[in-house]
**Student:** 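Here it is, the structure, as C-alpha cells.
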Amino acid sequence: MSLRLKIGWSVVFACIIFNAASQEFHGPTVTLTAKSNTFNAKLSGKQYYFYSLIEGSVYLNDDWTKGAVILQNGDRYDSLFLKLNALDEDLVTYNERTGAVMVIDKFLIDEFILDVNKAAESTFSKLYFDKYPKGEHYYNLLYEGKLKLVRWYHAHEEKTTIYRDIHGLMRDSRYKINSTYFIDFPDNNLVKIKGTRKSLVNLFPEEKKQIRKLLRQNKVNFASKNALELARAVQLIETEFFPD
C-alpha cells in the first residue's frame, strides 16, 4: 500500500472516531414506535439541580415514574424515568445508565405520560393559556373529546412555623401543590372552572336549565370532588350539546 493511501485511510478512520466521540448523549435509549417518524431525533435539555429540602415537595410525583414523552414532530420516547416539577413546570428525566438528570426542553414536548399503566389519568398535554398565568403549561388530560377537561398542577412556597430541615437548618416555609380545572373548547379557548356544578353550568348560560336536568338525571356527584365525576359531567354535556 502506498504512503499516500495509508495517510488517506488514517484520516478517514480518525474522522469516524472523532464524530462518534463528539456525539452528545441526551437521554435514555429510544424505543421507536408506530408514532415515531425520525430515527436520529434526540431529547435535548439542560442539567437539572434539585431543590433544597424544605417541607413539602415541588414534584407531582416524588419517586421517579416510568413514562413516555411525545415530541412535537411525533417522535415518542418510551421507558423514561420522569418527574414533573410543578413549581417551574419542568419535565425532568433521569438516565439510569449515566446517572444524568436533565430538564427536557419544553418547546420539544407535545405530550407526556407519567405512568404508562394509567395513561388515561396520567397524560399531560402542553396547551397555551392567554390569561394569567399566560403562556404554555402542562395540563393533565382528564377527558378528551370536542370538549376537553384538563387539570393544571401548580406548586408554590408558603410560610409556616419555624422548623429544622434534615440538615438541621432553620426553615420557615414549605412547598404546597394545588390544582385548577379548565375546559378546553373546540376553538382552543381555555376557560378556568372551580370544579363545582355551578361553575360548570355557568359556562353554558343558554342551556343552564337543560344541563342541570341532564346532570341530575345522570346522578353526577359533584359533592365527592372526584375528577372522574367532573369528567363524566363534561362528557354528558358534550354528547348532548356538541353533536357530530
**Student:** Between the side chain of T65 and the main-chain N/O of D63, is any donor-acceptor distance below 3.5 Å?
**Tutor:**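 Flag set: sc T65 to bb D63 pair under 3.5 Å.
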**Student:** The criterion is ring pair (Phe, Tyr, Trp, His ring centres under 6.0 Å); which residues satisfy it with H154, sequence neighbours excluded?
**Tutor:**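 W152.
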**Student:** When rounded to the nearest 0.5 angstrom, what distance separates OH in Y59 from CD1 in I177?
**Tutor:**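 Between atom OH of Y59 and atom CD1 of I177 there are 10.5 Å.
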**Student:** Please give the remaining members of the hydrophobic cluster of M170, linking ILVMFWY side chains under 4.5 Å, ordered by chain and number.
**Tutor:**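 Direct or chained contacts put M170 with I162.
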**Student:** In sequence, state the C-alpha distance, the side-chain angles, and the governing distance for K192 and T180, and then conclude on side chain to side chain contact (heavy atoms under 4.5 Å, CB included).
**Tutor:** CA-CA 7 Å; K192 186 186 300 185; T180 306; 3.4 Å; yes
**Student:** For Y138, enumerate each residue passing the ring pair (Phe, Tyr, Trp, His ring centres under 6.0 Å) test, keeping only those at least two apart in sequence or located in another chain.
**Tutor:**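 Partners of Y138 by the ring pair (Phe, Tyr, Trp, His ring centres under 6.0 Å) criterion, ordered by chain and then number, come out as F112.
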**Student:** E55: which residues meet the salt bridge (charged side-chain N to carboxylate O under 4.0 Å, His left out) condition with it, sequence neighbours left out?
**Tutor:**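 Expected list: none.
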**Student:** Report the C-alpha separation of Y139 and F182 in whole Å, then their side-chain angles, then the decisive distance to 0.1 Å, and conclude whether the side chain to side chain contact (heavy atoms under 4.5 Å, CB included) test is met.
**Tutor:** CA-CA 9 Å; Y139 295 91; F182 293 82; 3.8 Å; yes
**Student:** Under 3.5 Å, side chain of N61 to main-chain N/O of L82, donor-acceptor pair present?
**Tutor:**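 Pair found, side chain donor or acceptor close to backbone of L82.
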**Student:** So, using side chain to side chain donor-acceptor pair (under 3.5 Å) as the criterion, who are the partners of S179 when residues are at least two apart?
**Tutor:**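 By the side chain to side chain donor-acceptor pair (under 3.5 Å) rule, S179 matches no residue at all.
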**Student:** Is there a side-chain contact between N140 and L60 in this structure, where contact means two heavy atoms from C-beta onward sitting under 4.5 Å apart?
**Tutor:**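 They are not in side-chain contact.
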**Student:** With sequence neighbours excluded, what pairs up with Y128 under the side-chain contact (heavy atoms from CB on, under 4.5 Å) test?
**Tutor:**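 For Y128 the side-chain contact (heavy atoms from CB on, under 4.5 Å) partners, ignoring immediate neighbours, are D130, K134, E136.
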**Student:** So do L230 and L200 actually touch side chain to side chain, heavy atoms under 4.5 Å?
**Tutor:**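 A side-chain contact exists here, since the closest heavy-atom pair is under 4.5 Å.
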**Student:** Once you round to the nearest 0.5 Å, how far does CD1 of I54 lie from OH of Y175?
**Tutor:**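 Atom-to-atom, I54:CD1 and Y175:OH are 4.0 Å apart.
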**Student:** Hey, what do you get for CG (L147) to CD (Q235), rounding to the nearest 0.5 Å?
**Tutor:**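 Rounded to the nearest 0.5 Å, the CG-CD separation comes to 10.5 Å.
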**Student:** Tell me the closest heavy-atom pair linking T196 and F222, and the distance in Å.
**Tutor:**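 Shortest heavy-atom separation between T196 and F222 comes out as C-CD2, 3.6 Å.
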**Student:** List the atom of L142, the atom of A227, and the distance in Å for their closest heavy-atom pair.
**Tutor:**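 That would be CD1-CB, 4.1 Å.
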**Student:** Among all residues two or more places apart in sequence or in another chain, which pass the side chain to side chain donor-acceptor pair (under 3.5 Å) test with D110?
**Tutor:**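 Not a single residue meets the side chain to side chain donor-acceptor pair (under 3.5 Å) criterion with D110.
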**Student:** So, do V150 and L190 sit near enough that their side-chain heavy atoms are less than 4.5 Å apart?
**Tutor:**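 Yes - at least one pair of side-chain heavy atoms lies under 4.5 Å apart.
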**Student:** Taking the six-membered ring of F81, is NZ or CZ of K66 closer than 6.0 Å to its centre and within 45° of its axis?
**Tutor:**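 The answer is yes, since K66 meets both limits relative to F81.
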**Student:** How is the hydrophobic cluster of L169 composed, in terms of its other members, when Ile, Leu, Val, Met, Phe, Trp and Tyr link through side-chain heavy atoms under 4.5 Å apart, directly or indirectly?
**Tutor:**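 Via sub-4.5 Å side-chain contacts, L169 links to none.
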**Student:** Distance check, rounded to the nearest 0.5 Å: T93 atom OG1 versus Y77 atom OH?
**Tutor:**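 That separation rounds to 10.5 Å.
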**Student:** What distance do N189 atom CG and K131 atom NZ have between them, rounded to the nearest 0.5 Å?
**Tutor:**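 Reported to 0.5 Å precision, the distance equals 5.5 Å.
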**Student:** Can you name the closest pair of heavy atoms from L71 and V69 and give their distance?
**Tutor:**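 Nearest heavy atoms, L71 then V69: CD2-CG1, 3.9 Å.
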**Student:** The criterion is salt bridge (charged side-chain N to carboxylate O under 4.0 Å, His left out); which residues satisfy it with D172, sequence neighbours excluded?
**Tutor:**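 For D172 the salt bridge (charged side-chain N to carboxylate O under 4.0 Å, His left out) partners, ignoring immediate neighbours, are K159.
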**Student:** As a quick check of understanding, evaluate side chain to side chain contact (heavy atoms under 4.5 Å, CB included) for M102 and L43, giving each step before the final call.
**Tutor:** CA-CA 10 Å; M102 179 184 76; L43 287 176; 4.2 Å; yes
**Student:** For D105, enumerate each residue passing the side-chain contact (heavy atoms from CB on, under 4.5 Å) test, keeping only those at least two apart in sequence or located in another chain.
**Tutor:**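 So D105 forms a side-chain contact (heavy atoms from CB on, under 4.5 Å) with S44, F107, L108.
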**Student:** Are the side chain of D165 and the backbone of H167 linked by a donor-acceptor contact shorter than 3.5 Å?
**Tutor:**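 It does hold such a pair.
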**Student:** Kindly determine whether I211 and F241 satisfy side chain to side chain contact (heavy atoms under 4.5 Å, CB included), including the steps that lead there.
**Tutor:** CA-CA 9 Å; I211 291 177; F241 298 101; 3.4 Å; yes
**Student:** Using modelled atom types only, decide if a donor and an acceptor are shared between the side chain of Q72 and the backbone of I109 within a distance under 3.5 Å.
**Tutor:**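 Yes, because the side chain of Q72 sits within donor-acceptor range (under 3.5 Å) of the backbone of I109.
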**Student:** Testing E238, R232, K148 one by one against Y143 for a side chain to side chain donor-acceptor pair (under 3.5 Å), which residue passes?
**Tutor:**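 Only match with Y143 under side chain to side chain donor-acceptor pair (under 3.5 Å): E238.
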**Student:** Roughly how far, to the nearest 0.5 Å, is NZ of K126 from CD1 of I70?
**Tutor:**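 The distance works out to 12.5 Å.
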**Student:** Specify the closest pair of heavy atoms between G56 and R174, including all atoms of both residues, with the distance to one decimal.
**Tutor:**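 Residues G56 and R174, closest heavy atoms: CA-NH2, 4.4 Å.
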**Student:** For F50, enumerate each residue passing the ring pair (Phe, Tyr, Trp, His ring centres under 6.0 Å) test, keeping only those at least two apart in sequence or located in another chain.
**Tutor:**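 Applying ring pair (Phe, Tyr, Trp, His ring centres under 6.0 Å) to F50 gives Y48.
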**Student:** What side chain to side chain donor-acceptor pair (under 3.5 Å) pairs are there with at least one residue in residues 197-218, not counting sequence neighbours?
**Tutor:**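 Of all non-adjacent pairs touching residues 197-218, those that pass side chain to side chain donor-acceptor pair (under 3.5 Å) are N202-K208.
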**Student:** Restricting to non-hydrogen atoms, name the atom on A233 and the atom on L215 that form the minimum distance, rounded to 0.1 Å.
**Tutor:**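 Result for this residue pair: CB-CD2, 3.8 Å.
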**Student:** Between Y94 and G99, which heavy-atom pair has the shortest distance, and what is it?
**Tutor:**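 So the minimum-distance heavy-atom pair works out to CE1-CA, 3.8 Å.
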